[in-house]
Peer 1: 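Here it is, the structure in full.
Numbers here simply count residues along the sequence, with the first being 1. Every heavy atom of this structure was used, including side-chain atoms; hydrogens, water molecules and symmetry mates were not. The structure presented is a predicted model; accordingly, all values stated were derived computationally and were not measured.
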Amino acid sequence: MEKSKNLKDKLLNLPMMPGCYLMKNKDGVIIYVGKAKKLKNRVNSYFRGKHYGKTERLVNEIYDFEYIVVNSEVESLILEINLIKKYDPKYNILLRDDKSYPYIELTNDNIPTLKVIRNINKKKKTNNLYGPYPNVTAARSVVNLLNRIYPLRKCNTYQKKPCLYYHIGECLGYCTNKIDKILINQMKLEIIKFLNGDHSIVTNKLKEKMEYESNLLHFEKAKEYKDLLDYINITLTKQEVELKDNISRDIFGYYFDKGYLSIQIFFIRASKIVERKSKIFDIVDNVEEELTRYIARFYTNLNKPKEVLVPNIVDCNILSKYLDINIKSPIKGEKKKLVDMASNNAKIMLEEKFELIKKDEDKTINAQEELKNLLKLDKLSRIEIFDNAHLFGTYNVSGMVVYVDGKPKKNDYRKFKISIDTNDDYSMMKEVIYRRYFRVLKDDLERPDLIIVDGGIGQINVARNVIDSLNLNIPVVGLKKDNKHTTEALLAFDPINEVKIDKKSNLFYLLERMQDEVHEFTINYHKSLRSKGSLSSILDNVEGIGEKRKKELLKKFKTINKIKEASINELNEILPNNISINLKQFLDNYDVKKQVNFHDL
C-alpha cells in the first residue's frame, strides 16, 4: 500500500523519548496503538527489515502515524491502555474473548448472605470476595453447599413470615425470629475459613451429620452428606503448592515461538492452584511490550490478588505503579519455580495448539486474503453482509453481520425493521443500504472494505446505486446460489461478472459461513418479530375484533394454534357467534398460506 508522502520525514523527526504511537490506515482509521521507551527506535523498526504474519499485515496497511510524548514509562503505559480502550484498534489484543471470572461474596449485612458475582464494583470497598472460580457453575455449587450446611438468610428482602427454607432447616427465620449475634458471627467465621481453603470444620460437620443419620438408619439422608463430602474432597481440593503463607497470588508465565505468544496464568488461593487460564495470540510488538500490556489489562474485570509473580522480562516497577499491587519477578526459590512451571505450561500449550491455530488462520485470515486478491482490492479487513426476510410482504426485516479478518464481530451486527410493507426485495435492499450507510456517514462510523448482498444482479445494482448516491467508494458484490441453495459463485466487478469458486477451497467455506450466519441472524430476528406481533396483527384483520376483544383473546389463548383448536362455544365466551365463525375461517386460510410460503423463510 502507498504510504503517506511525508512519512519518511516524520520518521526522521521522531524524538528519543517515551510515548505512544498510533498507526493509521489510508482512511485515517487507527489500526494499532503501542508504547515505547524511545519512540524513534520503536516506530522506525516497523519500516526496517522483513516482517512476517500479523506484523507484515500491519506494516502493509500503515499509511501514516502520529505520536504523543510523555514524561515516563508509567505514563506511556496508562496512555496506551486508554487509547486502546478509546479506539479499539484491530491489531491490538483487547481481551475481547476474556471472561470476567465469578467470585463469591459474603455480604456485610447484619444477617449475611452468600452471592455469586461476576462484575466487580471497583469503588465498593469489601474484604469478603473469594475466588476467582473457574466458572459460574463451580461458584454456585460452593454457595449451594454452604447454604445447605449453614442456615444463612436466603431471601433478598425480609418476608412477613418464614419461608420454605426455614421449614426445611436451611434458614433460622430471620424475618420473624431474633437470632443471637454470636451464632451469626460464628457461622461467618467458619464460612470465611472454608472459602479461604480450610475445609476441616465443614468436613467434620458433614461427617458428624452423616454418622448421625446413618445410626438412625436414614441411609438416603446419610448418602446426601456423603455426596457433599465427596464434592469437597474431589472438586474443591486442588493441587497444593509449596508456599504455605495463604497469600492470594497470580502467576504469569510465557513462551514465544513462530510469531505467537503463549501466556499461562495460575490463580493461587490458600496455597492451592484453584484455576488456570491460557491465552495464545500472534503479536506485532516485541514480547516484553505485549506481555506487559496483557498483564496491565488483565485485571480490568478481575479482583486483584495480594501479589503477582511475573517473568523477568516484565518491568515490575511500571506494572506495580499502574495496578497498585505488589508485582515481583523472582530469581530463585519456590516462587521462581512457580513462574517456570507457568512458562513450561505455556510452552506445552503452544506446541499442542500451533497446528490448530495455523488451520484456523488458513480458514479465516488467509481465506480473506484470497478474496482480496480475487476481487483486486487494495485492502480487505472489514466485510458487511446483508440479507432480507419477509412473509407475504409483511414483517419485512433485514439483517447485517460483520466479519473482521475472517471472523464474526457480533457486537457490530445490526437489525433493520423495514418501513415498506410490500413484497419488494429491491425496495427493501435500497432502504437498508441507505439507512446503514447514511448512518455511517452521519456518525463517522468505521466503513467496510466490502459489502456483500445475499442476492442477484438486481439487488447488487440497487445497493451500488445507493452507495454511489452517498459518494462512498465501497465495492459491492453478491453471492450466487445453485439449485441446492448453496454458494456457487461471486457476482462482482463492473460490468458484473460471475466468478467461480472452488468448493473445496478455504475461501468457499468462509463465504458459506458468512452466508449462513447472516441468513440465520436475519431469520431469527424475523421469527422474533412474528412471535411478538403476529397474533395481535392477525386479529386486526378480522372484522368485529377491536382492541378490547383482542386483549381478551390474547390473555385467554396466548397463541394462534390455541385459538384455532378452540371450539366455537369457547370463542363465544368472548366473541359474538358470527365473529367467532369468521375468526376460525380466517385462521384456517392463514395456516394454508403459511405452509405454502414456508420455504420463503
Peer 1: So, Glu73 and Lys321, do they make that salt bridge, N to O below 4.0 Å?
Peer 2: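 Salt bridge: no.
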Peer 1: Can a donor-acceptor pair be found between the side chains of Ser45 and Arg42 at a distance below 3.5 Å?
Peer 2: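 Yes, side-chain donor-acceptor contact under 3.5 Å.
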Peer 1: Under 6.0 Å between the ring centres of Tyr525 and Tyr413?
Peer 2: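 No, too far apart.
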Peer 1: Carefully, step by step, assess Phe416 and Glu431 under the rule side chain to side chain contact (heavy atoms under 4.5 Å, CB included).
Peer 2: CA-CA 9 Å; Phe416 300 88; Glu431 178 177 331; over 6 Å; no
Peer 1: Any ion pair linking Asp444 and Arg439 (charged N to carboxylate O, less than 4.0 Å)?
Peer 2: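 Salt bridge: no.
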Peer 1: Any side-chain heavy atom of Leu7 sitting closer than 4.5 Å to one from Phe65?
Peer 2: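 With C-beta onward as the side chain, the pair touches.
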Peer 1: Hey, are Asp27 and Arg382 close enough for a salt bridge, meaning a charged N less than 4.0 Å from a carboxylate O?
Peer 2: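 No, no charged N to carboxylate O under 4.0 Å.
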Peer 1: Got a second to check how far Asp449's CG is from Lys379's NZ, nearest 0.5 Å?
Peer 2: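 Separation between the atoms: 3.5 Å.
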Peer 1: What about Tyr254 and Tyr294, are their ring centers closer than 6.0 Å?
Peer 2: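 No, ring centres 6.0 Å or more apart.
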Peer 1: Does this structure show an ion pair linking Asp360 with Lys407, if we count only N-O contacts that are shorter than 4.0 Å?
Peer 2: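 So Asp360 pairs with Lys407 through a salt bridge.
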Peer 1: Taking NZ, NE, NH1 and NH2 as the nitrogens, is one of them in Glu307 or Lys335 under 4.0 Å from a carboxylate oxygen of the other?
Peer 2: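 Answer for the salt bridge query: yes.
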Peer 1: Taking atom types as modelled, find out whether Asp285 and Tyr32 have a side-chain donor-acceptor pair closer than 3.5 angstrom.
Peer 2: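 The answer is yes; a qualifying pair exists.
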Peer 1: Is Asp468 salt-bridged to Arg464, going by a charged N under 4.0 Å from an acidic O?
Peer 2: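 Not counted as a salt bridge, because no side-chain N and carboxylate O are separated by less than 4.0 Å.
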